[in-house]
Amino acid sequence: MKRTEIKDVLKCDDFGSQVNVKGWVRTKRGSKNVSFIALNDGSTIKNVQVVVDHLVIGKSMFGVPKSTKVLGSKDFAQINELLGNINTGTALSVTGDLVESPGGHQKVEVYPTNIEILGMADPKDYPLQPKKHSLEFLREKAHLRYRTNTFSAIARIRHAMIFAIHKFFNDKGFYNIHSPIITGSDAEGAGEMFQVTTMDLNQIPKGEDGNVNFQSDFFGKATNLTVSGQLEAELAALALSKVYTFGPTFRAENSNTTRHLAEFWMIEPEVAFCDINDDMDLAEDMLKYVIRYALDNCKDDLEFLSKRLHDEEKNKKADERSMELIEKLNFVLDDDFVRITYTEAIQILRNSKPNKKKRFQYIIEGWGADLQSEHERYLVEKHFKKPVILTDYPREIKAFYMKQNDDGKTVRAMDVLFPQIGEIIGGSQREEDYEKLAKRMEEMEIPEESMWWYLETRKFGTVPHAGFGLGFERLILFLTGMGNIRDVIPFPRTPLNCEF
RNA sequence: UCCUCCUUAGCUCAGUUGGUUAGAGCACCUGACUGUUAAUCAGGGUGUCCUAGGUUCAAGUCCUAGAGGAGGAGCCA
């Protein structure tokens, strides 16, 4: 019989019809004559309840005579063995009647005439119990944590967001670009890189100067994993007009926080004939689109995660609790993001209470200081109480490729700041003037010879263009209300941790 | 990389000023129960108190070092 997914079974009202469901047991409860099995197949966060009448299953599967009433008789040995092998984690194929549930917690349930055990799970060894586990414990069981409500919900939302992002850009006429994962450029300027080599690390060939000789390496030169697809995306945008990348990104920073991964996924749109204002519009539109998509398509999972967050924060003081998850998502949709310049932000921060009362760990003295997370959080969570886009940062604290303003002091950077997670997007209008770009690279000691291809786009038909980078896992953090980025990617890579 | 905290049963955790045989809830095992909703009821402790040294008559508890984990900061997305 053809399998029906549980999400469809739960929607069905064709009572009396035969169905087959397959899935993994979440809990089994039972009394002498009847057992209740909650079965989940990942198609939805909801379980289907399988109600096993011991006499009925005995009759249909093992030919136990209808007249049998003595439960201890040997006719029941097979039934008891079957039920004994059904535990949390066991994989089952269940065939039976779809019936309207007399219980209050579900509309339908399955009344089986046949149960096949597809894969057993010894309850003495299976680590997941029908109870709340700590996220730290589940991180160590990353191979099994998909089988929990929290992590299956996150997985489904992650998928929905991947799809929504592609749909958003496709509908707007963007082309998806596969930027390279192995790069020969060591000047992407976005952080420490992982080296890629096939050399025997015990016998590294050295040149006469004592430095490593990469000529015998696979590519004949030093290579790394990409830290950004932006530079390649710019090349594509200066031919295709509107492009985006969505790929893995690698940073070898020794960052030990709830917001950093060594391997993460990044979305980087790049648009020609576009200035920083268009760039901000695009960023705001995209964030609102995908949040709207999640609210429209991931309702059950978001409701579960909202409840989870609420339970988690029960012990916190009222003013330390976060906003209810779905309310928070709607809140982002309802208002325009605040757009202010770095200079205006400094003014606000200098006059703020925590700055005057020296509550900030880093006191804002004057223009030019880099903003710390405490300052960003103050602006977003206390002052404006909505997402903020900061623009026109001092050029000294930003990357070489950002377009320089006429004031000679600032660049057309824009950072989108969200509550709790801080910087979710970093972007800029790019410097399209060859002379200015080359001069800035020289000042920042970026070797021109390794970036000749990038510079050539400013020599041949250069146009104003802009783009940004969105950290995918930070988006998922925000959407799911989770507190640690290691819980929104299936197999997190962080310093000293590359399990699975 | 810096700062702070944590590590006791399968899981979550309690364990007082150092003092008999180290505890609870859940899980698990045994049994009871005619429809449960993280079922309930009765019984059962299943332990390298992270590791290695040290102090002490006596260490889960104090000291030193190490390992692992978490939170915050920096870097950033």
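The figures here come from the full heavy-atom set of this structure, side chains too, leaving out hydrogens, waters and symmetry mates. Small disclaimer: the values here were computed from a predicted structure and weren't measured. Chain letters run A, B, ... following the sequence lines, proteins first and then strands; every chain starts at 1.
Using atom P as the reference point in both B:rU4 and B:rA65, the two lie 13 Å apart (nearest Å). When the P atom is used for both B:rC28 and B:rA38, the distance is 15 Å, rounded to whole Å.
Closest to the side chain of A:Lys32, out of B:rC76, B:rU34, B:rU36, is B:rU34. In this structure, of B:rG72, B:rG35, B:rG10, it is B:rG72 that holds the atom nearest to the side chain of A:Thr258. Across B:rG35, B:rC26, B:rC28, the shortest atom-to-atom separation from the side chain of A:Val51 is found for B:rG35.
Checking A:Thr494 against A:His260 by side-chain atom types alone, no donor-acceptor pair falls below 3.5 Å.
Ring geometry, A:Tyr244 versus A:Phe174: the interplanar angle exceeds 60°, so the pair is classed perpendicular (tilted spans 30 to 60°).
Ranked by how close their nearest RNA chain B nucleotide is to the 5' end, A:Glu140 and A:Arg29 are led by A:Arg29. A residue-by-residue look at A:Met266 and A:Asn497 shows that A:Asn497 has its nearest nucleotide of RNA chain B further toward the 5' end.
The side chain of A:Gln129 contributes no N or O atom lying less than 4.0 Å from OP1 or OP2 of B:rA38. An OP1 or OP2 oxygen of B:rA39 is reached within less than 4.0 angstrom by a side-chain nitrogen or oxygen of A:Thr27.
Nucleic acid contact class of A:Thr249 (heavy atoms, under 4.0 Å, all strands): none. Within the nucleic acid shown, A:Gly469 comes within 4.0 Å of sugar-phosphate atoms alone, with no base atom in reach, counting heavy atoms only.
By the 5.5 angstrom centroid cut-off and the 30-degree plane limit, A:Phe264 is classified as stacked against the base of B:rA77.
By the 6.0 Å and 45° rule, A:Lys328 stacks over the aromatic ring of A:Phe478.
Residues forming a side-chain contact (heavy atoms from CB on, under 4.5 Å) with A:Arg359 (at least two apart in sequence, or on another chain): A:Pro354, A:Lys357.
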